[in-house]
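So the structure is just underneath, and the comments pick up after that.
Hydrogens, waters and symmetry mates are skipped; everything else that's a heavy atom, side chains included, is used.
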There are 2 protein chains.
Amino acid sequence: MATAGKPDWNGCPTRYAAGIVGDKWCFLLLRDALLHGKRTYREFLASPEGISTNILANRLSKLEALGMFTREPDPRKASSVCYFPTQKAKDFLPALVSMMVWATQYDEVTEAPASFAVSYVDDPKGTIAWYEAEMDRVDQALRTG
Amino acid sequence: MATAGKPDWNGCPTRYAAGIVGDKWCFLLLRDALLHGKRTYREFLASPEGISTNILANRLSKLEALGMFTREPDPRKASSVCYFPTQKAKDFLPALVSMMVWATQYDEVTEAPASFAVSYVDDPKGTIAWYEAEMDRVDQALRTG
DNA sequence: CAGATCACTTGCAAAATGCAAGTGGAGATA
DNA sequence: TATCTCCACTTGCATTTTGCAAGTGATCTG
C-alpha cells in the first residue's frame with residue numbers, strides 16, 4: 001500500500017540505530033568513512049574533533065564487531081591497516097545525508113553551503129549516488145594498490 | 001543543478017548532528033517524542049531502555065537549550081509539565097525515519113515488520129506525513145486541554 | 001489536612017573518557 | 001647488521017559521566 005498506517009511493533013528499530021549512531025565517536029567515524037573517504041587509523045585520528053588513540057582503537061573494533069567496517073592490510077603497505085566500510089555501513093549513507101540536510105538548516109555555524117540542501121531536495125538520489133560513487137572510487141583505488 | 005557535485009566545506013554539518021544525536025539518550029528521547037507521541041517526564045521515563053531520573057532531567061534541559069523541545073505546563077494539570085517538540089525537532093523526522101529503515105534492514109532482533117521499509121520505499125513522503133499528522137494530533141489534543 | 005503524585009535533586013560507587021607515555025613489529029636507512 | 005622511524009595500538013592514571021537509590025518541595029486528591 002502507498003499510504004502508511006500505524007506501525008504496531010514494540011521494540012522500535014531506532015533502538016538498534018541508537019546503539020551505533022548514539023555514540024558521538026562512532027557517528028563521526030562513520031561520517032569520515034562514508035563522506036570523507038577515510039580508511040586508515042591515521043586518517044581517522046586526524047579528524048578535527050580530536051579523538052584520542054585508545055578511544056579510536058576501541059570504536060574501530062566496535063564498528064568492526066558490528067559489521068560496519070572490515071579490517072584489512074593496506075594494499076599499499078602491508079604493515080599498515082585499512083578499515084573499509086561494509087555494505088551495511090554504506091547503506092547508512094541516506095540516513096547520514098538526511099541528517100546533514102537537517103543540520104545544514106539549523107546549525108548557524110555550519111560551513112556547508114545552502115546549495116547542498118537545495119541540490120539534495122532537488123535530487124536526493126543523485127546526491128547519494130555521488131557519495132556512493134566517491135566511496136567506490138576510493139576503495140577501488142586502494143584495493144588495486 | 002540536478003546533479004550533485006563535490007561539496008567543499010571544511011566543517012561538516014554532521015558534527016552538529018553528532019552533538020545532539022550522538023548521544024544515546026537524546027536520540028531515544030527524540031524518538032519517543034517524534035515517533036511515540038511522548039510529551040511528559042513520566043512518559044519519557046517509562047521507556048523500555050530505562051533512563052534514570054537524573055539523566056532524563058539533564059537531557060530534557062539539554063534538548064530544551066538546543067531548541068528541540070519547549071517546556072510548558074501541562075494543560076490538563078497545571079502542576080505537571082509537557083515537553084513539546086519544536087519545528088526543529090519535527091524537521092528531524094525524515095532523518096529518524098531514514099535510520100529506522102536502515103535498522104529494520106540490519107537488526108535481526110528488530111520487531112518492525114518488513115512491510116514498514118517497503119511502504120517507506122514505496123511512499124517516503126506519505127510515511128513521514130503520517131508521523132507528522134500523528135504528532136500534530138497529539139499536540140492539538142494536549143494544547144486544547 | 002493526610003497522603004499521593006509530580007518533577008526533579010543529591011550522594012555516591014562504578015564505568016567511561018581524555019591525556020600522556022610506552023610497546024612491539026615492520027620497513028627504511030647507514 | 002644495527003639503528004631509526006613509522007605504525008597501530010596498549011597502559012596507567014586523573015577527571016568526568018553515568019546509574020542507582022534515596023530524598024525534596026510543590027501541588028493535587030480524598
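The distance between atom OH of A/Y41 and atom P of D/dA8, rounded to the nearest whole Å, is 8 Å. Summarising the geometry, the separation between CG on B/N54 and P on C/dA15 is reported as 16 Å, rounded to the nearest angstrom. Rounding to whole angstrom units, CG of residue B/L56 and P of C/dT10 are separated by 16 Å. Nucleotide D/dA8 holds its P atom 14 Å from the CG atom of A/L29, rounded to whole Å. Taking atom NZ of residue A/K24 and atom C1' of nucleotide D/dT17, one finds them 13 Å apart after rounding to whole Å. As rounded to whole Å, 12 Å separates atom P of D/dC9 from atom CD1 of A/I51.
Comparing C/dG18, C/dT10, D/dT18 by their closest approach to the side chain of B/I55 singles out D/dT18. Of the listed nucleotides (D/dA22, C/dC6, D/dT18), D/dA22 has the atom at the smallest distance from the side chain of B/T53. With C/dT9, D/dA8, C/dC8 as the candidates, the nucleotide lying closest to the side chain of A/R42 is D/dA8. Nearest nucleotide to the B/Y83 side chain, out of D/dG19, C/dC8, C/dA7: C/dC8. Closest contact between the side chain of A/T40 and the listed nucleotides D/dA8, C/dT17, C/dC8 involves D/dA8.
Scanning atom types as modelled, no donor and acceptor separated by under 3.5 angstrom connect the side chain of B/S52 and the base of D/dT18.
Within residues 57-79 of chain A, the residues approaching DNA chain D are A/A57, A/R71, A/K77, by heavy-atom distance under 4.0 Å.
At C/dA7, one or more side-chain N or O atoms of B/S80 fall inside 4.0 Å of OP1 or OP2 (strictly under the cut-off). An OP1 or OP2 oxygen of C/dA16 is reached within less than 4.0 angstrom by no side-chain nitrogen or oxygen of A/W25.
Taking B/Y83 as the reference, nothing meets the ring pair (Phe, Tyr, Trp, His ring centres under 6.0 Å) condition, with sequence neighbours excluded.
To the nearest 0.5 Å, atoms CZ (B/F92) and CD (A/Q105) are separated by 12.5 Å. Rounding to the nearest 0.5 Å gives a distance of 9.0 Å between CZ of B/R59 and CH2 of B/W25. The SG atom of B/C12 lies 5.5 Å from the CZ atom of A/R31; values are rounded to the nearest 0.5 Å. Atoms CD1 and CE, on B/I20 and B/M68 in that order, are 5.0 Å from each other to the nearest 0.5 Å.
Annotation: cation-pi geometry not satisfied between A/R71 and A/F84 (NZ/CZ under 6.0 angstrom from ring centroid, within 45° of ring axis).
If you check every strand for non-hydrogen atoms under 4.0 Å, B/F44 touches nothing.
Among A/D32, A/D74, A/D139, the one residue that satisfies the salt bridge (charged side-chain N to carboxylate O under 4.0 Å, His left out) test with A/R39 is A/D139.
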